2 protein chains.
Amino acid sequence: MDHLPNMRLTTQRQIILEELAKVTSHPTANEVYDMVRRRLPRIGLGTVYRNLELMADSGVILKIEVGGTQKRFDATIYPHYHIRCSACGKVDDIDIPVQLHINEAATAASSYEILGHHIEFSGVCQACQKKDKESAVN
Amino acid sequence: MDHLPNMRLTTQRQIILEELAKVTSHPTANEVYDMVRRRLPRIGLGTVYRNLELMADSGVILKIEVGGTQKRFDATIYPHYHIRCSACGKVDDIDIPVQLHINEAATAASSYEILGHHIEFSGVCQACQKKDKESAVN
DNA sequence: GAAAAACTGATAAGCTTTATTAATTGGCAT
DNA sequence: ATGCCAATTAATAAAGCTTATCAGTTTTTC
């Protein structure tokens, strides 16, 4: 949120961003760490955490805090919603129109100063639907 | 989600539910633990976690997984949305109409089997708005 | 009333995230 | 180019939240 005074463009930062931009899954910090480590084997996990957090604060990437215990990150920063598989925990984008009007409804209904909203759908992904059918046969 | 074979109504379970029903905040497991411990000083934290999880699975209470790292619980189980203060992390209910239509939109837009959705607003609560103004004077 | 099942409390273990610190690096002004 | 200094890094420890384990207890069932 704040101004970022002298944010250096380090190798680590560049590669973290590049790797995150490669995928459309919404990796956790640890998953990003695994991806980046293939190119920078000596990078520390703390560096990945720190930079993901910094980049999210500066708006370069998106931090997604949905169901489940872990934070996830996304290089796609335009407003969009997510769906999370209740079976395997996978998170995908879901392409429905952004519901601008509900922020106004929220402003009217609450004493908070509204900053925004996020919608998270829950469902069962195709892979897990298949698994369910198979195990139902037993 | 599953059938719950012989779920006993233990003292611990009753008191956890009673204490949760007393508040409209959305306490974390640890906060529930603190509340319950005033009446059952020897209860274990694991028991609180286990029972909150069980009751959420059986639909008696609601498990809320919003921004922030901790799970929160709510004795109010009718569908409603939440707002989270980005400054202090407090979670409140927000009373706007449930957006039934977006589940259909999601079904059309995705290969997932849609189970439901949740909307989380982010904002600044009144207490934190005051604090902001005070510190802005400095 | 005995056997089976569910549950508890205590504790340990697991996993994610944050903090600490000495060493290194990138950017800027000489 | 060179040197300086703040920002950054890697490594590690520490912290925080949640889940697993298990012996002992309570409840149910027959």
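All values below come from the heavy atoms of this structure, side chains included, with hydrogens, waters and symmetry mates left out. Remember, predicted model here, so these are calculated numbers, not experimental data. Proteins come first, then strands; the chains are lettered A, B, ... in the order of their sequence lines, and each starts at number 1.
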Would you say B/Q12 reaches D/dT26's phosphate, i.e. side-chain N/O to OP1/OP2 under 4.0 Å?
no

Tell me: CG of B/N30 to P of D/dA15, nearest whole Å?
16 Å

Inter- and intrachain pairs under salt bridge (Lys or Arg N to Asp or Glu O under 4.0 Å), touching residues 14-32 of chain A, at least two apart
A/E18-A/R39, A/E19-A/K22, A/E19-A/R39

Under a 4.0 Å heavy-atom cutoff, the residues of residues 33-52 of chain B touching DNA chain C are B/R42, B/I43, B/G44, B/T47, B/R50, B/N51

Can you tell me how far the CD atom of A/E120 sits from the CZ atom of A/R84, to the nearest 0.5 Å?
6.5 Å

Pairs where residues 93-110 of chain A contributes a residue and the test salt bridge (Lys or Arg N to Asp or Glu O under 4.0 Å) is met, not counting sequence neighbours:
none

What integer distance in Å separates A/Q70:CD from D/dC17:P?
16 Å

Residues sharing B/Y81's hydrophobic cluster, by side-chain heavy-atom contacts under 4.5 Å among ILVMFWY, directly or via others?
A/Y81, A/I83, A/I94, A/I96, A/V98, A/L100, A/I102, A/Y112, A/I114, A/I119, A/F121, B/I83, B/I94, B/I96, B/V98, B/L100, B/I102, B/Y112, B/I114, B/I119, B/F121

Listed once per pair and sorted, the ring pair (Phe, Tyr, Trp, His ring centres under 6.0 Å) pairs that draw on residues 88-111 of chain B, sequence neighbours left out
none

Starting at atom CD of B/E53, determine the distance to atom C1' of D/dA20, rounded to an integer number of angstrom.
13 Å

Should A/R13 be listed as having a side-chain N or O under 4.0 Å from OP1 or OP2 of D/dA7?
no

Test of understanding: with side-chain contact (heavy atoms from CB on, under 4.5 Å), list the residues that count as partners of B/A87, not counting sequence neighbours.
B/C85, B/C128

Can you see if the side chain of B/K71 gets near the phosphate of D/dT19 - specifically, an N or O under 4.0 Å from OP1 or OP2?
yes

Side-chain heavy atoms under 4.5 Å apart, restricted to Ile/Leu/Val/Met/Phe/Trp/Tyr: what other residues fall into the cluster of B/L115, or is it alone?
A/V124

Considering residues at least two apart in sequence or located in another chain, which fulfil the side-chain contact (heavy atoms from CB on, under 4.5 Å) criterion with B/R13?
B/M7, B/R8, B/T10, B/N51, B/L54, B/M55

Sequence neighbours excluded, which residues qualify as side chain to side chain donor-acceptor pair (under 3.5 Å) partners of A/T47?
A/R50

Starting at atom CD of A/Q14, determine the distance to atom C1' of D/dT8, rounded to an integer number of angstrom.
14 Å

Angle between the two end axes of the helix from C/dG1-D/dC30 to C/dT30-D/dA1, five base pairs per end, rounded to 10 degrees?
30°

Between C/dT16 (P) and A/R72 (CZ): distance, integer Å
11 Å

Using ring pair (Phe, Tyr, Trp, His ring centres under 6.0 Å) as the criterion, list what pairs up with A/H26, not counting sequence neighbours.
A/H82

Pairwise N/O distances under 3.5 Å, protein to nucleotides 26-28 of chain C:
residue, atom, partner, partner atom, Å
C/dG26, N2, A/R8, NH2, 3.1

Spatial distance of atom SG (A/C125) from atom NZ (A/K130) [nearest 0.5 Å]
10.0 Å

Side-chain N or O of B/K63 versus OP1/OP2 of D/dT18: is the shortest distance under 4.0 Å?
no

